[in-house]
Amino acid sequence: MPELPEVEYARQRLTRWTTGSALTGWDLVDPGAFRPKLSAHPTPDPLAVARLQALVGRPSTATARHGKRVGWSFGGPGLLLHLGMTGAWVEGARPRHARLGLRFGDRTLWLNDPRRMGGVSYDDDPSAHVGTGLGPDALLDGSLSQVVPSRSPIKVALMDQRRLAGLGNIHAAEALWRAGISPRLRACDLDEGQRAALTQAIRAQLTEALKALDLETDLRYVSDGGDNPFAVYGRQGQPCPRCGAPISRELLGGRGTWWCPSCQP
DNA sequence: TGAAATGTTAACGA
DNA sequence: ATCGTTAACATTTC
């Protein structure tokens, strides 16, 4: 679910809820949520209890985000967080799919994650390591320098977190629609004008999506709240908002891909 | 019932 | 080394 905007929103909420407060307890409901490394699979970390206990009593001091990953520092050491496909951090009563609870006095933050692909790992310096192995952050940097040499379809290259960190299936498709570029075009075949248009489109897409996630609301995902808010994502057969031609769908890199064949030739 | 789902990674074959 | 595909992970929803 979460792409860069949702992760940034989660980071801001965690920061607001906890900065300056000491961790006072924890509840590892699902051991698979605490992993030795921030891998995609729920492999339990045998040291989880010791790691969590070592953070108890330490204050939450800083958070940092790079792509879809968050580093959370407790005066030096701390955690790396990933929301996977369905994760969200919520405050208050224990939610239905609680995987990990972190208590700060009378307030408990929960990782709620039905599909269990999200998780956390211990790190001795999360602020320094949050970007390890990732390409430039799509919002804070936005450089396509590692994307454009790829011979893969542009959408696949945009979603490769080692080339550019933060875009997922939705916002990659939406940014390409904004830029008028076919998701099938090989990244290395983009011309100068297309690169510039895409850079701008990514910035606009992410900025607007983030704006939709008001910190006072409890949306958690851009798509929460009913109607599909996107131009092409999930709209096979419906008219393109720009030119009226029907939206197409096909698999690209194993993922559902929607685009307008008329204005993204 | 089957398919698909906003993420990541490993394993193959070309 | 790189690219494409397929599968796997786990669960819910349409």
Side-chain angles (χ1 to χ4, degrees), chain A residues 1-10 29-33 35-44 65-70 80-89 95-99 111-121 132-135 138-139 146-177 183-189 202 205-206 208-210 212-213 219-237 249-259:
Chain A
M1 285 208 165
E3 299 187 28
L4 188 152
E6 290 86 354
V7 176
E8 174 61 15
Y9 174 74
V29 180
D30 176 1
R35 302 162 189 179
K37 295 199 165 177
L38 206 52
S39 68
H41 302 307
T43 310
R65 181 196 54 76
H66 192 116
K68 303 172 192 172
R69 201 183 290 165
V70 170
L80 293 172
L81 320 178
H82 200 291
L83 295 174
M85 199 89 128
T86 53
W89 284 90
R96 179 182 184 81
H97 300 290
R99 305 299 171 194
L111 173 62
N112 189 49
D113 186 11
R115 280 173 63 183
R116 302 174 67 204
M117 289 175 187
V120 311
S121 65
T132 301
L134 300 175
L139 187 60
Q146 294 175 56
V147 170
V148 293
S150 171
R151 279 167 292 170
S152 299
I154 181 63
K155 173 160 172 284
V156 175
L158 285 176
M159 291 174 62
D160 183 341
Q161 303 299 304
R162 296 165 303 183
R163 297 182 183 274
L164 181 69
L167 288 184
N169 204 27
I170 289 180
H171 295 308
E174 294 292 304
L176 287 165
W177 176 80
R184 301 155 128 175
L185 183 66
R186 290 194 309 173
C188 57
D189 290 338
I202 290 169
Q205 176 65 29
L206 294 176
E208 288 183 24
L210 192 51
L213 293 169
L219 283 176
R220 300 204 288 276
Y221 299 114
V222 174
S223 59
D224 280 357
D227 293 345
N228 179 352
F230 305 113
V232 291
Y233 178 84
R235 293 194 180 276
Q236 183 176 16
R249 177 189 186 276
E250 73 173 17
L251 286 182
L252 209 52
R255 311 300 303 278
T257 298
W258 291 264
W259 84 103

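Because the structure is predicted, anything quoted here is derived from the model rather than measured.
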Exercise. According to a strict under-4.0 Å criterion, is A:H82 in side-chain N/O contact with OP1 or OP2 of B:dT8?
Worked result: yes
For this session: Write down the distance separating the P atoms in C:dA1 and B:dT8, rounded off to the nearest Å.
Result: 23 Å
Problem set entry | Watson-Crick or G-U stems of DNA chain C, 3 or more pairs, under 3.5 Å, by first number | B:2-5 with C:11-14, B:7-14 with C:2-9
Problem set entry | Pairing residues for A:W259 by the ring-ring contact (aromatic ring centres under 6.0 Å, His included) criterion, not counting sequence neighbours | none
For this session: For C:dT6 and B:dA4, measure between their P atoms and round to the nearest Å.
Result: 13 Å
For this session: Check the distance between B:dT8's P and A:K37's NZ and give it to me in whole angstrom.
Result: 17 Å
Problem set entry | Distance test, side-chain N/O of A:R163 to OP1/OP2 of C:dC3, below 4.0 Å | yes
Below 3.5 Å is the cut-off: list the nitrogen or oxygen pairs between protein and nucleotides 4-9 of chain C, distance only.
unit_1, atom_1, unit_2, atom_2, d
C:dG4, OP2, A:S152, OG, 2.7

Seminar exercise, completed: Residue set satisfying side chain to side chain contact (heavy atoms under 4.5 Å, CB included) with A:E8, at least two apart, ordered chain then number -> A:R11, A:Q12, A:R65, A:L210
Exercise. Which whole number of Å gives the distance between the P atom of B:dT6 and that of C:dC3?
Worked result: 23 Å
Between the protein and nucleotides 12-14 of chain B, list every N/O to N/O distance that falls short of 3.5 Å.
none

Problem set entry | Selection residues 111-120 of chain A - residue pairs positive for salt bridge (Lys or Arg N to Asp or Glu O under 4.0 Å), sequence neighbours left out | A:D30-A:R116
